[in-house]
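Before any comments, here is the structure.
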Number of protein chains: 2
Amino acid sequence: MSIVEFLSSIVPFTQNELNDIQGHFKKESVPKNQILVHQGAICKTLYFMEQGMGRSFYTKENGKEITQWFFGVGKFMTSADSFFQQTPSLYNLEVLVDSVVFSISKEDMDQLFAKYHKMEKLGRLVTTEMLTKIVNKLNAIQFQTAKERYDYMLAEFPDIAHQVPLGYIASYLGMTQETLSRIRK
Amino acid sequence: MSIVEFLSSIVPFTQNELNDIQGHFKKESVPKNQILVHQGAICKTLYFMEQGMGRSFYTKENGKEITQWFFGVGKFMTSADSFFQQTPSLYNLEVLVDSVVFSISKEDMDQLFAKYHKMEKLGRLVTTEMLTKIVNKLNAIQFQTAKERYDYMLAEFPDIAHQVPLGYIASYLGMTQETLSRIRK
DNA sequence: GATTTCCTTTGACCTATATCAAAAAAGGGG
DNA sequence: CCCCTTTTTTGATATAGGTCAAAGGAAATC
C-alpha cells in the first residue's frame, strides 16, 4: 500500500494536495535489522511502512529487550511520544526485514498539519486509532491469561505473528519466552 | 479550570472563536455516583470535567467491576472509542463525587472540528496526550511490581488516589484489593 | 445513638507464571 | 554439507500475587 493510497483511504484529498503531500515524503529502502531511532535519541522522523515490518523495543537494565509494538504494512512507524513532543525516545525503532518506507521530518509534518486542515484531521484520526489499539493491548495484558494474550496477538498482528522470533512476541505480551513456548501447544 | 481556560492553554483561539466554541458546550451539575454512559450504549457526549472527578469501568461476567481510567479536573471524560467511532461503549462512565461538567454532542464536536482547523489541532494534541498516558499505564502494568504500580498511580492521579475506594484503585492497577491493602504498609 | 451497609484489613492456602539450566532444533555462511 | 550461532523446547524449582473466608472499622441511614 502506497502512502497516497493510505492517505486517500482516510480523508478525501484532491490530486493536487496528494501531490504536494507526497512530495514531502522520501522513499527509502531499509535493510533488515537496521535501527531507525535509538533509545534516548530524539525521534526526528515519521515513517510510513510501505513494505516490510518493524518493531519498537527497549533494553532493560538487565540487558533484556522488551518489544513494545509491531508495525506492519500500511502503518505509521515512530516513537510517537518522542516524535510529537520532541523528547528523548524511550524505545529503539528497528526494521525486522528488508523494508521500504516513506519518511518525513517533524518540520515537514508540522508544515503539512498547518497547511491542510484535512491533514490535521488525518493526524487526529490516526492517533485515535492508535489509542484504541493500545487500549486493546492494555486490556489483554491486564486481564487475560497468557494463552488469551497470545490469541490477542494473533488477531492483532496476524501477518507478523509467524514471522518474528518467539522472544519478541513473548516480551511484547509481557511473558517469558518459555511460557509462550509452552502455551503454543 | 473552565473549558475556555483549558482550550486557550493548548491552542491560541481568538475571543470570538472561544465564544462560539463555548456556546456549543452545556454546563451541567452531576450528582455523585451518576452514570453518564452505560456499558453497551453508544456514547453521544463528550464531557469536560470542570469540578469533581469520575471514572470509567466495566463489569466482568463474574460481576466484578474493573476501573479502566480516572478523570480529574481539567480533563475530557468520555469513552473515547465509543464517542469517536460511535460504537457501543465497553465502559460505564461514572461521576464519583458531585461534579460540574461541560458537555458537547458528537455532532457539535464534529462541527467544531470541521469549522476550525485549530479545533482539529486541539483534538489531535489532546488525543496524543492521552496516548502517552495510556502507554505509561501499560508500562506500569506490564513491567512493574504491585508496589511500583501503586507508586505510578500516586504520581499520575495524586489528587484522586486518596479520595476513592481502595477497590477502584486496585482494579485499575490490575491487582486485587487485598494485595493493594497489604502493599500500602 | 443504634443499626445496617459498605469498605478495609488480616490470615491460610493455592496457582499461574517466572527463573535457572540445559538439551534439542532450526537457520545461515562458508 | 557441515559448523556455528540463534532460536525454541523441556524440566525442575521458586514466588508474587490470587482466592476464599472472616473479622474489624467507618460511615451512611433511620
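Quick note on labels: first sequence line is chain A, next is B, and so on, each numbered from 1. All figures in this text were calculated on a predicted structure; none of them were measured in a lab.
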Find the distance [X]:[atom1] to [N]:[atom2] and express it as a whole number of Å.
{"X": "A:Gln163", "N": "C:dG27", "atom1": "CD", "atom2": "P", "answer": "13 Å"}
{"X": "A:Asn33", "N": "C:dG27", "atom1": "CG", "atom2": "P", "answer": "16 Å"}
{"X": "B:Leu96", "N": "C:dC7", "atom1": "CG", "atom2": "P", "answer": "12 Å"}
{"X": "B:Phe143", "N": "C:dA18", "atom1": "CZ", "atom2": "P", "answer": "11 Å"}
{"X": "B:Lys60", "N": "D:dG18", "atom1": "NZ", "atom2": "C1'", "answer": "11 Å"}

With B for base contact, S for sugar-phosphate-only contact and - for none (protein heavy atoms under 4.0 Å), nucleotides 9-17 of chain D reads BBBB----S
Give a yes or no answer on whether the side chain of B:Arg149 reaches the backbone of B:Leu173 with a donor-acceptor pair at less than 3.5 Å.
->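 Side chain of B:Arg149 to backbone of B:Leu173, a donor-acceptor pair under 3.5 Å: yes, one is there.
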Does A:Arg55 count as lying over the ring of A:Tyr172, i.e. NZ or CZ under 6.0 Å from the six-ring centre, within 45 degrees of the axis?
->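 That pair does not qualify as a cation-pi contact.
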Salt bridge check: are [X] and [Y] linked by an N-O gap of less than 4.0 Å?
{"X": "B:Lys137", "Y": "B:Glu156", "answer": "no"}
{"X": "B:Glu120", "Y": "A:Lys121", "answer": "no"}
{"X": "B:Lys75", "Y": "B:Glu129", "answer": "yes"}

Measure the spacing between CE of A:Met175 and CD of B:Gln142 and express it to the nearest 0.5 Å.
->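 The distance works out to 9.5 Å.
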